[in-house]
> 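I have a structure I would like to understand better, so I am pasting it below and will then ask my questions one at a time.
The structure displayed is predicted, hence computed values, not measured ones.
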Amino acid sequence: MKALVYHGMKDVRVDNVEDPEIEDARDAIIRVTSTAICGSDLHIYNGGIPQPRPMVLGHEFMGIVEEVGKGVGNLKRGDRVVVPFPIACGTCFFCNHELPGHCENSNPDHYGPEGGVATEKGGALFGYTDLYGGYNGGQAEYVRVPYADFGPRVIPDSLTDEQALFLTDIFPTGYSGIDWGEVKGGEFVVIFGAGPVGIMAAKSAWLRGAARVLIVDPLEYRLDKAQQTAHCEALVWHDHKQVVEVIRELTQGRGADVCVEAVGFEPVRNLADRAKAVINFEKGSMKVLEACMSGVRRGGIVTVLGVYGSPYDNFPLHQFFDKGITLRGGQAPAHKHIDKLLKYVVDGKVQLDDIITHTLPLSQAAHGYDIFRNKKDNCVKVVLKP
């Protein structure tokens, strides 16, 4: 089959690879009809999260069931399904506590309680390096789905692929940022990052009854897309001080009730930011998280959806303590929310496909990575068609 294979930093190619096969009774083989490039894929593409061997990338995909193992009784050949991005068994302690990203069984070679930089990681993810299970991902014509009796959800024929595809990751992830923020109604929510996850967080904030939603980003074209699709206010990031001043001006000096970090360790950085990272032996920067900690009100909540893969010695622990901030984050529990979010889509309460800016054949996947990574052609979200 054809698949997008990572060969090294900024080197991805569509190759001929072996077709996946049933390896366990709980497996299914999915013929991929739509898949997408995620901002998290760029962390691998940029070399920020190391992957030593070739691997098929991609954790946002959906398609048609072609084959199921003997232990899969809830799916049959021909079913059209969307697949949550964590690989989770459904039976362990963490799966039973609605924490599929921490599954004890899906990542046997690299799992552990420590959560270190390169050791004892969480549960497996599709197409997301050997540290997270080494499973080939869905930017391919076919993909093997482990624990298929727990993860995939059948999608009604009334929905197009584009309407349902983002139930895999970015909608549950954006929603998790708002759920962790305990948004119940009437809150002022500030979201840092107007990429796909940030926009989905803004849509989710409205679903949960937020009174006001502001999204912050350094790129005006992304803010324009956020305003068009999530109907929120927008603020151009110039620097930490300017953004925090505006947030406080809008809140009688207090700060936002909830700040959502939807950027991660690879924000837009200047020379000083890069030099600081080198001096401190850090990967990327936590400048956006620092802005969240300043921008949130006392007693407020900061939620972290952006990926962070290394320690930071200058973490503002003093600020966390003095302001009484609640800090939550991690891999989104997609399985926990997907059924509720699917109903939102079916009932027309939220639209997901309006963030798509580029639809390309799988053969042009490398081009898709280039325009997404380098913010070319006003690219916000790329969907690939195998």
> Do the non-hydrogen side-chain atoms of P54 and Y6 ever get within less than 4.5 Å of each other?
no

> Who pairs with N136 by side chain to side chain contact (heavy atoms under 4.5 Å, CB included), at least two apart in sequence or on another chain?
M55, V56

> For the pair N46 (side chain) and H43 (backbone), establish whether a donor and an acceptor sit closer than 3.5 Å, ignoring hydrogens and angles.
no

> Are L362 and V17 connected into the same hydrophobic cluster when the rule is that any two of I, L, V, M, F, W, Y join if their side-chain heavy atoms are below 4.5 Å apart?
no

> Test of understanding: with side chain to side chain donor-acceptor pair (under 3.5 Å), list the residues that count as partners of E245, not counting sequence neighbours.
none

> Can a cation-pi geometry be assigned to R26 and Y147, taking NZ or CZ under 6.0 Å from the six-membered ring centre and within 45° of the ring axis?
no

> What are the two closest non-hydrogen atoms of A256 and F188, and how far apart are they?
CB-O, 3.8 Å

> Under 3.5 Å, side chain of S176 to main-chain N/O of A332, donor-acceptor pair present?
no

> Tell me every residue that passes salt bridge (Lys or Arg N to Asp or Glu O under 4.0 Å) with R31, counting only those two or more places apart in sequence or in another chain.
E66

> Quick one: closest heavy-atom pair of G193 and V263, and the distance?
CA-CG2, 3.7 Å

> So if I apply the side chain to side chain donor-acceptor pair (under 3.5 Å) rule between Y175 and each of H337, R208, K336, which one comes out positive?
R208

> Among residues at least two apart in sequence or on other chains, which ones pass salt bridge (Lys or Arg N to Asp or Glu O under 4.0 Å) with R144?
E23, D27

> Does K340, at its NZ atom, have more than 12 non-hydrogen atoms belonging to other residues, nucleotides or ligands within less than 6.0 Å?
yes

> Below 3.5 Å, can you tabulate the donor-acceptor pairs from side chains in residues 119-126 to any protein atom, sequence neighbours excluded?
unit_1, atom_1, unit_2, atom_2, d
E120, OE1, E114, N, 3.0
K121, NZ, G116, O, 2.8
K121, NZ, V117, O, 3.2

> Are Q139 and D41 close enough that a side-chain donor and a side-chain acceptor fall under 3.5 Å?
yes

> Just to verify, what does V296 make a side chain to side chain contact (heavy atoms under 4.5 Å, CB included) with, not counting sequence neighbours?
C259, V302, K323, I325

> Do the side-chain N and O atoms of Y369 and Q364 include a donor-acceptor pair separated by under 3.5 angstrom?
no

> Angle class for the Y128/H59 ring planes (parallel below 30°, perpendicular above 60°, tilted otherwise)?
perpendicular

> Is it true that D322 and R298 make a salt bridge, defined as a side-chain N closer than 4.0 Å to a carboxylate O?
yes

> Among K184, R297, R212, which residue meets the salt bridge (charged side-chain N to carboxylate O under 4.0 Å, His left out) test with D257?
R297

> Identify all side-chain donor-acceptor contacts of residues 81-92 below 3.5 Å with residues at least two apart in sequence or on another chain.
none

> Pairing donors with acceptors under 3.5 angstrom, does anything connect the side chains of T33 and D161?
yes

> Taking only residues two or more places apart in sequence, or in another chain, which ones meet D24 in a salt bridge (Lys or Arg N to Asp or Glu O under 4.0 Å)?
none

> Throw together a table of side-chain donor-acceptor distances under 3.5 angstrom for residues 342-351, partners on residues two or more places apart or in other chains.
unit_1, atom_1, unit_2, atom_2, d
K343, NZ, D347, OD2, 2.6
Q351, NE2, D353, OD1, 3.0

> Decide whether K385 and T359 meet the rule of one side-chain donor and one side-chain acceptor closer than 3.5 Å.
no

> Closer than 4.0 angstrom, basic N to acidic O: yes or no for D11 and R13?
yes

> Between the side chains of E60 and T35, is a donor N or O closer than 3.5 angstrom to an acceptor N or O?
no

> With sequence neighbours excluded, tell me which residues meet salt bridge (Lys or Arg N to Asp or Glu O under 4.0 Å) with D370.
K376

> Taking side chain as C-beta onward, heavy atoms only, is F372 less than 4.5 Å from C379?
yes

> In terms of hydrophobic clusters joined by side-chain contacts under 4.5 Å, are V32 and L159 together?
no

> Just grab all the ring-ring contact (aromatic ring centres under 6.0 Å, His included) pairs involving residues 195-250, residues at least two apart or on different chains.
none

> Can you name the residues that form a side chain to side chain donor-acceptor pair (under 3.5 Å) with H358, not counting sequence neighbours?
D377

> Any chain of hydrophobic side-chain contacts (each under 4.5 Å) joining I301 to V216?
no

> Please examine the side chains of L384 and S34, heavy atoms only from C-beta on, and report whether any two atoms are closer than 4.5 Å.
no

